[in-house]
Trainee: 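Attaching a single structure in structure tokens format; questions to follow.
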Amino acid sequence: MLSVLRLHLPSEIPVVGCEITPYVLLRRPDNSISNDDVPESAPLDGYYMRYRWYRIQSDKKVAMCSVHPTELATLQCLGCLKSKAHVSKSYHCSSKCFADAWQHHRALHDRASNSVNETGVEEEELFGRFSGGSAVMSTGISGSTSRVGTPSPINGSVPSYPVAVSERNGGETWFEVGRSRTYTPTTDDIGNTLKFECVAVNVESSKPVGTPSSIMTSRVIPAPCPIPRRMIEVSGADVLGHLEDGRAASFGTFTVLSYNILADLYATSDSYSYCPSWALSWPYRRQNLLREIIGYHADIICLQEVQSNHFEEFFSPELDKHGYQALYKKKTVEVYNGNSNSLDGCATFFRRDRFSHVKKYEVEFNKAAQSLTDAVIPANQKKVALSRLIKDNIALIAVLEDKFSNHVADSPGSRQLLCVANTHVNVPQELTDVKLWQVHTLLKGLEKIAVSADIPMLVCGDFNSVPGSAPHALLAMGKVDQLHPDLAVDPLGILRPASKLNHQLPLVSAYSSFARMISVGPSLEQQRRRMDSTTNEPLFTNCSRDFIGTRDYIFYTADSLSVESLLELLDEESLRKDTALPSPEWSSDHIALLAEFRCKPRIRR
């Protein structure tokens, strides 16, 4: 007979929009144990599993705190109501919560006048709908609050399964909301608990066998939502000192996103103990990451730390729905128990309506290490050398063609190609020689592509190297000072002579444009305060409890591309007081970088 042995939830706290898949361990009729489903369409020895989801709705309506979404709200910001900010963001669990969040919260009032945020997407589309029923309305000044009496979360979304009243008891009403093993909470569920029930059913009698097993969730919370980041215009800062002419206006712009999304295999509670377990779970993070990525509307997306199964089962099909074509390269060795799903890699997406795929190059640094040791390392040292050099890292290089390039008036029929490199140099910090060697290897490969074609280049990724390090100097300056301290670590002699550590690509860091701008405005000054004045790079792109600093970059060839605008940087206020990443609002320990570029007109010779 079929029976349930064990039942538990991946996270006790359900979040709107994040699918819940309970773990159901079954004893099968042959006494084997498995967590595989036995649906009605494929019964086993005359039995199948039946599932039900219920919303347990109390007569007493509740609202949840926007800062601490697991806590009930006791205060509501009247300034949010007056400025027509998103209602779900107006609730707070205490006066201290409201005061601590004020620096972050007050920006909501400034931006709420326009219902469409800076990315052109309605805020409700990004973060879900949530409106207040009996919330108190007031003409109080921004920042004033009102005690929440019985706010009633109401929404207009329709559940995928028709709601039916199952039972009413003791001031509670049970609504049946689902009949499958999985369930995705809707905004109708906010503030209410859910109950999952499963039982084996006899095919012939259609009656349950034994007592149903059930489990309850905590109250459903709305998906936490960070303030949307704006694009800041920086056009006019031509790094090569050339005067932009009118012809540049005939060339369209395009945007490029680079983002280390933090692979699930690295997102452990030991590493990120400060992040709530529900916000660290992959079902939550994947939806939050997808909302963020889609909201940027980038033409080209470069993601790092993308697990192979997450690429195939989630990111590729989901971004395909939004018009993106996908390329992927995973690491070269299955180092985690031989499970290929536990390997991460780099994924590059581009809009099909804007670009076509011309060619793909895959760089495997393990193969390059093997070639290097065969060429320059003595036979008795090869094993030690390979142990140091092989780190399974890769780079993914895509050559794309702009579909609109042949419509340019002054270059009829010409093809506009673009080379995009995406990499993650995941090397321990102490192995500075290995990091520098991998970056140098990548750049030499890109040089070969540049020689074969007159093509603008972008080099994106997590280089695991801070500004001023030797890898950063090589990228940004085209060479490494022979007295650079990083060169002191070279036990294999692979960096000698130091004079070979150079390249001819005119690469410039996109975010250094913030420091080069001559014109001054409030937005630009704010961004400059988030930059390191000595390196002209952001103060941080990676922010955890153990490290805060810059490791991610978007480099571009300045002779063929110019920067038009950049996604604003985050600061401590944006992350909220005493907060590291990942957090409920931001689902990676890195921040996304986004740059808008324009191709410069070709100079006829």
Side-chain angles (χ1 to χ4, degrees), residues 260 304 329-335 343-346 361-397 419 421-451 457 459-507 509 535 549-553 555:
N260 181 328
Q304 301 88 44
K329 174 63 178 174
K330 69 179 178 180
K331 288 184 176 179
T332 46
V333 175
E334 299 177 8
V335 294
L343 282 175
D344 65 292
C346 294
Y361 299 90
E362 296 180 347
V363 180
E364 297 183 358
F365 294 109
N366 283 6
K367 288 184 177 178
Q370 185 68 59
S371 299
L372 177 68
T373 54
D374 288 344
V376 302
I377 304 295
N380 62 345
Q381 297 178 24
K382 284 186 178 181
K383 185 175 181 180
V384 174
L386 287 174
S387 176
R388 185 176 183 86
L389 292 173
I390 288 182
K391 294 293 175 280
D392 305 334
N393 293 330
I394 54 88
L396 174 62
I397 303 172
C419 180
N422 180 11
T423 191
H424 182 198
V425 183
N426 190 8
V427 176
Q429 294 300 320
E430 65 274 11
L431 301 182
T432 55
D433 56 323
V434 180
K435 282 193 286 187
L436 180 55
W437 169 74
Q438 288 194 0
V439 171
H440 184 250
T441 301
L442 173 61
L443 291 172
K444 285 302 178 182
L446 291 174
E447 269 191 330
K448 293 178 182 179
I449 297 174
V451 169
M457 289 195 169
V459 186
C460 307
D462 174 3
F463 292 86
N464 207 28
S465 300
V466 298
S469 64
H472 178 265
L474 182 60
L475 284 159
M477 306 300 294
K479 62 181 180 179
V480 181
D481 190 307
Q482 297 188 29
L483 299 178
H484 197 290
D486 284 358
L487 299 185
V489 180
D490 187 19
L492 302 175
I494 58 175
L495 304 180
R496 296 191 287 269
S499 57
K500 75 177 183 179
L501 299 173
N502 62 73
H503 66 88
Q504 302 304 314
L505 301 173
L507 294 178
S509 173
T535 63
T550 293
R551 289 174 170 170
D552 309 84
Y553 308 91
F555 286 94

Trainee: Keeping to residues at least two apart or across chains, list the salt bridge (charged side-chain N to carboxylate O under 4.0 Å, His left out) pairs with something in residues 468-483.
Mentor: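 Sorted pair list comes back empty.
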Trainee: What is the distance from atom OG1 of T332 to atom CD1 of I390, rounded to the nearest 0.5 Å?
Mentor: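 So the gap between those two atoms works out to 8.0 Å.
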Trainee: Evaluate the side-chain proximity of V363 to I394: yes if any heavy-atom separation is below 4.5 Å, no if none is.
Mentor: no
Trainee: With a 4.5 Å cut-off on side-chain heavy atoms, are I397 and C419 touching?
Mentor: yes
Trainee: If you define the side chain from C-beta out and look only at heavy atoms, does anything of W437 sit under 4.5 Å from T441?
Mentor: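 Yes, their side chains come closer than 4.5 Å.
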Trainee: Donor-acceptor pair, distance only, cut-off 3.5 Å: does the side chain of K391 make one with the backbone of S387?
Mentor: yes
Trainee: I'd like to check N393 versus T423 (side-chain heavy atoms, cut-off strictly below 4.5 Å). Are they in contact?
Mentor: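 Side-chain contact under 4.5 Å: no.
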Trainee: Distance-only, no hydrogens or angles: does the Y553 side chain make a donor-acceptor pair with backbone N or O of S465 under 3.5 Å?
Mentor: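 Yes, because the side chain of Y553 sits within donor-acceptor range (under 3.5 Å) of the backbone of S465.
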Trainee: Ion pair present between K329 and E364, side-chain N to carboxylate O less than 4.0 angstrom?
Mentor: yes
Trainee: Going by the rule side-chain contact (heavy atoms from CB on, under 4.5 Å), which residues pair with E447 if we only count those two or more places apart in sequence or in a different chain?
Mentor: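 Partners of E447 by the side-chain contact (heavy atoms from CB on, under 4.5 Å) criterion, ordered by chain and then number, come out as K444, H503, Q504, L505.
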Trainee: F463 vs F555 aromatic rings, parallel, tilted or perpendicular, using cut-offs 30° and 60°?
Mentor: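 Plane angle over 60°, so perpendicular.
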Trainee: So, the side chain of D490 versus the backbone of L495: is there a donor-acceptor pair under 3.5 Å, distance only?
Mentor: yes
Trainee: Supply the atom-to-atom distance L446 CG to I449 CD1, rounded to the nearest 0.5 angstrom.
Mentor: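 Result: 5.5 Å between the selected atoms.
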Trainee: Say you draw a straight line from NZ of K331 to CG of L343; how long is it, rounded to the nearest 0.5 Å?
Mentor: 8.0 Å
Trainee: Would you say NZ of K367 has more than 12 non-hydrogen atoms from neighbouring residues, nucleotides or ligands within 6.0 angstrom?
Mentor: no
Trainee: Distance from N260 atom CG to R551 atom CZ, nearest 0.5 Å?
Mentor: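 Answer for the CG-CZ pair, N260 versus R551, is 10.0 Å.
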Trainee: Within the structure provided, determine whether S469 and T432 are in side-chain contact (heavy-atom separation under 4.5 Å).
Mentor: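 S469 does not reach T432 side chain to side chain.
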Trainee: If you measure from the Lys or Arg side-chain nitrogens to the Asp or Glu carboxylate oxygens, is any gap between D486 and K435 under 4.0 Å?
Mentor: no
Trainee: For Q370 and N366, which I'm curious about, is there any donor-acceptor pair between the side chains at under 3.5 Å?
Mentor: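 There is no such pair between these side chains.
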Trainee: For the atom pair CG (L396) and CD (E362), what is the distance rounded to the nearest 0.5 Å?
Mentor: 6.5 Å
Trainee: With sequence neighbours left out, write down each residue that passes side-chain contact (heavy atoms from CB on, under 4.5 Å) with P485, or none if nothing qualifies.
Mentor: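 Partners of P485 by the side-chain contact (heavy atoms from CB on, under 4.5 Å) criterion come out as none, since no residue qualifies.
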Trainee: Any heavy-atom pair between the side chains of V466 and T550 that's under 4.5 Å?
Mentor: no
Trainee: Is the side chain of H484 donor-acceptor paired with the backbone N or O of G468 at a distance under 3.5 Å, no angle test?
Mentor: yes
Trainee: Is the closest side-chain donor-acceptor distance between N426 and Q304 under 3.5 Å?
Mentor: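 Checked: N426/Q304 side chains show no N/O donor-acceptor pair below 3.5 Å.
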Trainee: Using modelled atom types and a 3.5 Å cut-off, is there a donor and acceptor pairing between side-chain atoms of D462 and backbone atoms of H424?
Mentor: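 No; zero donor-acceptor contacts below 3.5 Å.
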Trainee: The test is side chain to side chain contact (heavy atoms under 4.5 Å, CB included); show your working for V489 and L431 and say whether it passes.
Mentor: CA-CA 8 Å; V489 180; L431 301 182; over 6 Å; no
Trainee: How long is the straight-line distance from CD1 of I494 back to NE2 of H440, given to the nearest 0.5 Å?
Mentor: 11.0 Å
